[in-house]
Amino acid sequence: MKTKLIGLGILAVVILAAVAYAVFGAGQRVTEIHGYVGGEKVGLLEDEEVADILRDRYRLSIDYAKAGSIDMVTEDTSGQDFLFPSNQTALELYEQTHGSPVKSEIILNTPIVLYTRSAVAEALLNAGLASQTDGIYYVDMAALAGEIESGTSWADIGLPQLYGSVTVATTDPTKSNSGNMFAGLLANTLCGGVADENSLDSILPRLRDIFQKLGYMESSSADLFDQFLKTGMGAKPLIAGYESQLLEFAVENPDTWEQIAGDIVIMYPTPTVWSSHVYIALDEAGTAGIDALLDEEVQRLAWEKHGFRTGVYDTPADAAHFGVDGIAEEITQVAPMPDAETMERIIEALS
């Protein structure tokens with residue numbers, strides 16, 4: 001009898017434990033969602049502080065694979081809960097291919113900028129292709145595009161130590177978002193407004209000629225930026241990239257940045273375009289990522305550690321903590337990107 005009672009007691013404990021887990025434990029389980037992201041956001045998603053907030057506050061874990069913005073929205077998305085491309089054009093392309101998503105939201109922003117060395121920046125100033133206001137460098141995109149089209153050499157603008165003609169190195173616009181956006185920016189510049197179906201026929205040959213002068217183009221903005229830092233002024237005098245790249249680098253590599261800070265210059269095209277990183281939820285599970293990534297603490301970390309201008313911090317007054325000179329407090333001269341159909345024609349022409 002005693003043995004029987006002990007057995008019943010153990011059974012009761014097991015049942016109570018199972019019930020308690022069902023009631024309380026389920027709420028503590030972490031849900032893992034899967035999707036594709038642009039490589040420039042990997043640093044943010046791998047940030048331990050961000051991961052802790054997502055896990056502890058939202059019971060969420062984000063599993064991702066890197067993919068190009070255009071590829072991820074036009075190819076098979078089965079098995080994925082979300083997509084996280086790097087511009088709103090990608091959302092338009094997704095809607096054309098797959099229809100309306102369950103939900104979408106812009107999570108991060110960063111402008112397209114140019115990076116160069118101090119000697120090149122000074123030459124651009126002296127040639128009237130750039131200006132400086134309150135320590136911020138601005139590049140006249142129309143004037144710069146004109147020099148590129150004319151085949152002006154670096155020697156012609158006072159840099160005889162550099163080989164070849166004035167160009168802006170960028171990533172392959174058919175594979176990488178930063179190159180794609182720079183192509184859109186150049187298209188806008190060449191037509192004197194926002195490129196569309198009415199202006200494309202006249203500017204596409206010019207745009208194609210400009211990109212043909214670039215030769216080999218990296219397929220990743222991270223690789224291009226890395227090569228810019230490592231190979232010096234002679235190899236890549238002027239490149240296009242994201243503002244966030246330099247800010248994140250300065251935070252993650254303070255010792256290296258201290259050594260090179262005096263020679264690296266960030267320049268803002270006038271006008272520029274925003275790279276708006278839009279999160280596309282493909283199912284109900286994927287929607288959880290929107291609230292989690294828009295968490296105020298996550299948004300603060302996105303700016304302070306990774307250089308993304310967020311909805312809360314899009315006009316930062318605390319940029320000094322990066323130790324990077326010449327950061328614009330506010331991005332005012334901005335043009336919209338061409339629409340998805342126009343960008344599709346541009347990509348096709350540059351393929």
Checklist entry - Checking side chain to side chain contact (heavy atoms under 4.5 Å, CB included) for the pair V30/Y58: CA distance, chi angles, key distance, verdict? => result CA-CA 8 Å; V30 174; Y58 296 92; over 6 Å; no
Next on the checklist: What verdict does the side chain to side chain contact (heavy atoms under 4.5 Å, CB included) test give for I331 and R309, after you've listed the backbone C-alpha separation in whole Å, the side-chain angles of each residue and the deciding distance to 0.1 Å?
Outcome noted: CA-CA 10 Å; I331 309 299; R309 296 180 183 245; 4.0 Å; yes
Checklist entry - For V139 and L238, what are the C-alpha separation, side-chain angles and deciding distance, and is it a side chain to side chain contact (heavy atoms under 4.5 Å, CB included)? => result CA-CA 11 Å; V139 176; L238 188 62; 6.0 Å; no
Item to check | Step-by-step salt bridge (Lys or Arg N to Asp or Glu O under 4.0 Å) determination, K305 to E248 | outcome: CA-CA 6 Å; K305 295 177 68 177; E248 183 180 61; over 6 Å; no
Checklist entry - Can D325 and V265 be said to form a side chain to side chain contact (heavy atoms under 4.5 Å, CB included), step by step? => result CA-CA 8 Å; D325 292 333; V265 177; over 6 Å; no
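For residues 113-131, the pairs satisfying salt bridge (Lys or Arg N to Asp or Glu O under 4.0 Å) are R117-D263, with sequence neighbours left out. For residues 218-232, the pairs satisfying salt bridge (Lys or Arg N to Asp or Glu O under 4.0 Å) are D226-K230, with sequence neighbours left out. Pairs engaging residues 279-291 under the side-chain hydrogen bond (donor to acceptor under 3.5 Å, both in side chains) rule: none recorded [sequence neighbours left out]. Evaluation of the salt bridge (Lys or Arg N to Asp or Glu O under 4.0 Å) test over residues 192-201, restricted to residues two or more places apart or in two chains, returns E197-R345, D201-R345. Pairs engaging residues 160-169 under the salt bridge (Lys or Arg N to Asp or Glu O under 4.0 Å) rule: none recorded [sequence neighbours left out].
Here the CG-CD1 distance, from D295 to I107, works out to 11.0 Å after rounding to the nearest 0.5 Å. Taken to the nearest 0.5 Å, the OG atom of S275 stands 6.5 Å off from the CD atom of E40. Atom OG1 in T310 sits 9.0 Å away from atom CH2 in W303 (nearest 0.5 Å). Atom OG1 of T171 sits about 10.5 Å away from atom NZ of K175, to the nearest 0.5 Å. F228 CZ to K236 NZ: the interatomic distance, rounded to the nearest 0.5 Å, is 10.5 Å. One finds the CD1 atom of I290 at 7.0 Å from the OG atom of S104 (value rounded to the nearest 0.5 Å).
Side-chain atoms of D81 do not come within 3.5 Å of backbone N or O of G35 as any donor-acceptor pair. For the pair S153 (side chain) and S165 (backbone), a donor-acceptor distance under 3.5 Å is absent. Side chain of D140 to backbone of A143: a donor-acceptor contact under 3.5 angstrom is found. A donor-acceptor contact shorter than 3.5 Å is absent between the side chain of N188 and the backbone of L185. Looking only at distances, no side-chain donor or acceptor of T133 sits under 3.5 Å from a matching main-chain atom of I136. Judged by distance alone, with hydrogens and angles left aside, the side-chain atoms of S199 form no donor-acceptor pair with the main-chain N or O of A195 at under 3.5 Å. No donor-acceptor distance shorter than 3.5 angstrom exists from the side chain of W154 to the backbone of L159, with no hydrogens or angles considered. Distance alone, capped at 3.5 Å, is enough to place a donor-acceptor pair between the S69 side chain and the S86 backbone.
No side-chain heavy atom of V168 sits under 4.5 Å from any side-chain heavy atom of I239. Contact of the T167 side chain with the F211 side chain is not registered, since no non-hydrogen atoms from C-beta on lie closer than 4.5 Å. No side-chain heavy atom of R29 sits under 4.5 Å from any side-chain heavy atom of R59. With a 4.5 Å cut-off on side-chain heavy atoms, L301 and I53 count as touching. A heavy-atom distance below 4.5 Å is not found between the side chains of H98 and T74. Counting heavy atoms from C-beta on, the side chains of W257 and V324 come closer than 4.5 Å. Between Q132 and Y138 there is no side-chain heavy-atom pair separated by less than 4.5 Å. Using a 4.5 Å cut-off on side-chain heavy atoms (C-beta onward), Q333 and P269 make no contact.
Linking Ile, Leu, Val, Met, Phe, Trp and Tyr whenever their side-chain heavy atoms come within less than 4.5 Å leaves L229 and L162 in two separate clusters. Hydrophobic clustering, with ILVMFWY side chains joined whenever heavy atoms are under 4.5 angstrom apart, groups F225 together with I260. One hydrophobic cluster, built from ILVMFWY side chains closer than 4.5 Å, holds both I157 and M141. By the criterion of side-chain heavy atoms lying less than 4.5 angstrom apart, applied directly or through intervening Ile, Leu, Val, Met, Phe, Trp or Tyr residues, V113 is grouped together with L224 in one hydrophobic cluster. Follow the hydrophobic side-chain contacts under 4.5 Å out from V194 and you never reach W274; the two are in separate clusters.
Residue V73 shares its hydrophobic cluster (ILVMFWY side chains chained together at separations under 4.5 Å) with Y36, I70, M72, L83, L91, L93, Y94, I106, V278, I280, L282, I347.
The side-chain hydrogen bond (donor to acceptor under 3.5 Å, both in side chains) search around T174 returns D172, not counting sequence neighbours. Checked against side-chain hydrogen bond (donor to acceptor under 3.5 Å, both in side chains), T152 has the following partners two or more places apart in sequence or in another chain: E147. Every residue was checked against the side-chain contact (heavy atoms from CB on, under 4.5 Å) condition with D255, not counting sequence neighbours, and none meets it. For E46, the side-chain contact (heavy atoms from CB on, under 4.5 Å) partners at least two apart in sequence or on another chain are V42, Y64. With sequence neighbours left out, the side-chain contact (heavy atoms from CB on, under 4.5 Å) criterion links S244 to T110, Y242, F308. Remark: E75 pairs with D71 by the side-chain contact (heavy atoms from CB on, under 4.5 Å) rule, at least two apart or across chains.
Heavy atoms of other residues, nucleotides or ligands lying less than 6.0 angstrom from NZ of K213 number more than 12. By the neighbour-count criterion of 12 heavy atoms within 6.0 Å, atom CD of E32 is densely surrounded, having more than that number from other residues, nucleotides or ligands. Within a 6.0 Å radius of CG in D134, other residues, nucleotides and ligands contribute 12 heavy atoms or fewer.
In terms of heavy atoms, Q96 sits closest to A340 at NE2-CB, 3.8 Å. Among all heavy-atom pairs drawn from V251 and E304, the shortest one is CG2-O, 3.6 Å. When all heavy atoms of A285 and I33 are compared, the closest pair comes out as O-CG2, 3.6 Å.
Checked against a 6.0 Å centroid threshold, the rings of Y137 and Y268 do not count as neighbours.
Side-chain contact check for S176 and S221: no donor-acceptor pair (N or O, by modelled atom type) lies under 3.5 Å. Using modelled atom types and a 3.5 Å distance limit, the side chains of H306 and D47 yield a donor-acceptor pair.
Ion pairing between D52 and R55 holds under the 4.0 Å rule for side-chain N and carboxylate O.
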